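Bear in mind the structure is a predicted one, so any value in this text is a computation, not a measurement.
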Amino acid sequence: MSARPGPAPVLTLDTLVRLRRGPGGAPAPGAPHRLTVPDGMTAPLGCDAVSAPAHLGPLLMPRLPRMGCVYADRAHWWWLVPSDSDYALEWPAPARYATGALLPDSPHVPGLIHRPDGTLPYTPPIPLYLALCRLTGTTPTWSRPISA
């Protein structure tokens, strides 16, 4: 009598990410990096990120009533926002929206430069969107004329 194989192992998203990264869990060359929520914080709404060129970062900070986690490198500043903060919004160029807080073009993970008090890592997306529109001279999506 032969032994029956057991049930197939369950693969979680974490397992799949580790498999894609290869041995040791290090990112594969050219693989996107992910901004992570700092220890002690929770992201019950999921996490996406919005980036802006580094020269806009210091101009955005005083325009925001509350800031969540902010990451920066030489080229960009990144703000964590709740998942789906791009719903029905066109984030103004040169800002970029990163679903899942995945940074496909970054050679390394940017450093955390601001951590809010409390346990939520989010910057409110609407004030961030409006501040970016103001600084880039872009009309917010809901204020644009509708063509017939």
So [Y] and [X], do their side chains get closer than 4.5 Å, heavy atoms only?
X      : Y      : answer
Leu35  : Leu103 : yes
Val70  : Leu112 : no
Cys47  : Pro82  : no
Cys69  : Val37  : no
Ile113 : Trp77  : yes
Trp78  : Val50  : no
Leu89  : Tyr87  : no
Pro116 : Met41  : yes

Between [X] and [Y], is there a donor-acceptor pair closer than 3.5 Å when you use the side chain of the first and the backbone of the second?
X      : Y      : value
Asp48  : Gly100 : yes
Tyr122 : Leu45  : yes
Asp73  : His76  : yes
Thr136 : Leu132 : yes
Thr123 : Gly68  : yes

Which atom names give the shortest non-hydrogen contact between [X] and [Y], and what distance separates them?
X     : Y      : result
Glu90 : Thr141 : N-OG1, 3.4 Å
Trp91 : Pro125 : CH2-O, 3.5 Å
Leu60 : Ala131 : CD2-CB, 3.6 Å

**Asked** Given the rule in the side chain to side chain donor-acceptor pair (under 3.5 Å) test, do Ser85 and Tyr129 qualify, once you have shown the distances and angles that lead to the verdict?
**Response** CA-CA 10 Å; Ser85 292; Tyr129 174 79; over 6 Å; no

**Prompt:** Taking atom types as modelled, is there a side-chain donor on Ser51 or Tyr97 under 3.5 Å from an acceptor on the other?
**Reply:** no

